[in-house]
Amino acid sequence: MDKNTITGFILMALVLIGFSWYSRPSEEQIKAQHERDSIAAAQNESSTPTPSRDGGEKAGAQLSSDSEALALTGERGEVLDSTSILFAASQGEEQLITLENDLVKLTLNTRGGVIEDAVIKGHLDQQKQPVRLLSKENAHLRLMLAGKADNIITDQLFFEAVNVTDSSVTMRLPISKGTLDIDYRLRPESYMLDMIVTAHGLNDLFNPSTNVLYIEWADRARQLEKGFDFEQRYACIRYHEASGDTDNLSETSDEDEDIEKALDWIAFKNQFFSAVLISQQEFKSVHLKSQLYKKGQGYLKNYEASMQTAFDPTGTRPTQLQFYIGPNDFHTLKAHNDLSLNADKDLELEDLVYLGWPIVRWVNRWFIIYLFDWLKGFGLHMGLVLLLLTIIVKALVYPATKKSYLASARMRVLKPKIDALNAKYPKQEDAMKKQQEMMQLYSQYGVSPMGGCLPMLIQAPIWIALFNFVPNAIELRGQSFLWADDLSAYDDVIHWNKDLWLIGDHLSIFCVLFCIMQVANTWISMKQQQSAVMSPEQEQSMKMMKWMMYLMPLMFFFMFNTYSSGLNYYYFLSGFTSILIMWFLRKTTNDSRLLAQLEAYKAKNANNPKKQSSMAARLEALQKMAEQQQHQQKK
């Protein structure tokens, strides 16, 4: 990267920053816009189907298996005609049924026959109350069937609760001479709820071609963690394709998508908790929608999903559904794969824990997770676990770090010889010849200018892997350490009541320490570069690059001030141990002895020259070509 390119990048960055500052709205504009957003949200709240129990949206087009719209019976709470087969089911009173085990408490309502409330035990929200993942005010689920005369829409009908126990219930909907049963069974010591839909004696109510159960599910994801921006970034609708791939809608923008492939499950995901609807006969004709909420409204995103799954009106083959309502814990999710109603299918629920891109995911999946679990097994505080994790990771990559440092040190002790070459070829037109002799010199001493790069590249996947692992480790949630009250969220001992541009409403001390450590590491690295071998052109470029390197910690501060304190703490420890390692290597490396080793290498191989490197060969060819051109020009 030459001087002009670097200057161009800096100017573009300054222009972008200046334009952002200049075009930001005034306080009066922000206040007016906030008032307009609040009014719009209040107006849209009554029309959106997400929090409303009575719906209010015609879903006839979704009910039609032959692309014809069907009129929905019972929409908007209308009273059915007494001759309707659903008349008796439309009359009744709500009754709440509770299913509970040691991990979760679920409340079902006989009106609609579905889950109305879900509380996850053992985990607290910001108000120190058990996490409520689904609630009557925010979540809505209804099943729909297209009949010959009347369409069955469960949220407008009253079920009868029969066979009630602490962990199971049958929601029975009487229809004419038959029933539609929804059997619920909460698995012991698990977060899995079986939901089996079976028709009894309803053959005559449906057309012979009817084989589809329509499902509409919606929820407003409530903010459960302290850091809104950080939590919203990790909340999304995630789904698993029947082919085995896992994907999701955008985490950072509104998205409305039709999924062409068959799906095994659809998850409404928060940062640390998920509600997952699973179908053993697969979901088809899936439509998903995710919309962002703004900070301060108490919600992260608005989720909507509509889908189809198999239905047998004869009741011979029940529709098998399941709900997972629990934490995004890797091992917990993986264990719940074995609770699938279809034993031949691996649900891969552990994919709800995002571990990064493929190579990074492998590092997390097969190394970081097991190392973290091993340290956690000693019963240590999470702050100490992260400290030991840092030390072990640094110890494992120490050979690569040492190799990188020694490669740089060899270049440093050869600096007088390179300086002599620079003095020998001071003219710009001799640059290629000078470069060729440098490559020959490197070859004679067995030194590679790129020798320090490959070991550093080996460490990069681990650095990035922990960037993805730490924010998704539910074990850090609610764990305090030093001044941070929650390692999964930012530490805000220093805070104020107004959002400042680029900073927010707080100052993360761990983030500041991390950035200071980055500055220290940059300074040490620059000191080492100053004593390393460089041409005058390289030295000029390094002067420009130095200031860019010092700007990086400032950029990191704006990025990581809202990130989890656990991640900033880890990066601070990583930077601190890197400084200690560099100090140790510098103290234990004798430049005179290293130069003697290089001279011995040169003498040993003096009569056995190494094959010329490809780069040196290209430089030699270019040099000959340039000399021929100069010779022709002189003629």
Please check this pair: side chain of [X] against backbone of [Y], looking for a donor-acceptor N/O pair closer than 3.5 Å.
X	Y	answer
E304	L288	no
D492	I494	no
S565	A489	yes
T309	E282	yes
T154	L143	yes
N337	L349	yes
T165	S167	yes

Describe, in one word, how the ring planes of [X] and [Y] are oriented to each other, choosing from parallel (under 30°), tilted (30 to 60°) and perpendicular (over 60°).
X	Y	value
Y234	F230	perpendicular
H381	F481	tilted
Y191	H336	tilted
Y303	F268	tilted

Applying salt bridge (Lys or Arg N to Asp or Glu O under 4.0 Å), run through D351 and R238 and close with a yes or a no.
-> CA-CA 9 Å; D351 285 352; R238 198 158 176 82; 5.7 Å; no

Does atom [atom1] ([X]) have a neighbourhood of more than 12 heavy atoms from anything else shown, all under 6.0 Å?
X	atom1	result
Q127	CD	yes
W483	CH2	yes
K345	NZ	yes

Less than 4.5 Å apart, side chain to side chain, heavy atoms only: is that true for [X] and [Y]?
X	Y	answer
V212	Y214	yes
L108	L99	yes
Y239	L277	no
L205	D150	no
F273	R477	yes
H140	V114	no
S488	F272	yes
I369	H331	yes

Salt bridge or not for [X] and [Y], using N-O below 4.0 Å?
X	Y	result
E94	R111	yes
D312	R317	no
K226	D486	no
R132	D117	yes
D329	K334	no
E241	K261	yes
E216	R142	yes
K376	E475	yes

Do I152 and M144 pass the side-chain contact (heavy atoms from CB on, under 4.5 Å) test, and can you show the C-alpha distance, the side-chain angles, and the key distance before you say yes or no?
-> CA-CA 5 Å; I152 301 173; M144 297 172 286; over 6 Å; no

[X] and [Y]: side-chain donor and acceptor closer than 3.5 Å?
X	Y	answer
H287	D256	yes
D183	T170	yes
D491	S508	yes

Is it the case that R220 places NZ or CZ above or below the six-membered ring of Y299, under 6.0 angstrom from the centre and within 45 degrees of the axis?
-> yes

Centre of Y293's six-membered ring, under 6.0 Å away, within 45 degrees of the axis: is that where NZ or CZ of K301 sits?
-> no

Taking all non-hydrogen atoms of both residues, which atom of [X] and which atom of [Y] are closest, and how far apart?
X	Y	value
L476	L386	CD2-CD1, 4.4 Å
E255	S250	OE1-N, 2.6 Å
R222	G298	CG-O, 3.5 Å
R187	N101	O-ND2, 2.9 Å

Evaluation steps, side-chain contact (heavy atoms from CB on, under 4.5 Å), between H240 and L347 = CA-CA 8 Å; H240 185 267; L347 297 177; over 6 Å; no

ring-ring contact (aromatic ring centres under 6.0 Å, His included), paired with H506, selected from Y563, Y490, W496 = Y490

Checking side-chain contact (heavy atoms from CB on, under 4.5 Å) against F469, which of Y570, F372, Y354 comes through?
-> F372

Test side-chain contact (heavy atoms from CB on, under 4.5 Å) on D102 and E189 and set out the steps.
-> CA-CA 6 Å; D102 292 338; E189 301 298 325; 2.8 Å; yes

I would like to know whether Q297 and F228 meet side-chain contact (heavy atoms from CB on, under 4.5 Å); could you show each step before the answer?
-> CA-CA 10 Å; Q297 295 178 302; F228 172 83; over 6 Å; no

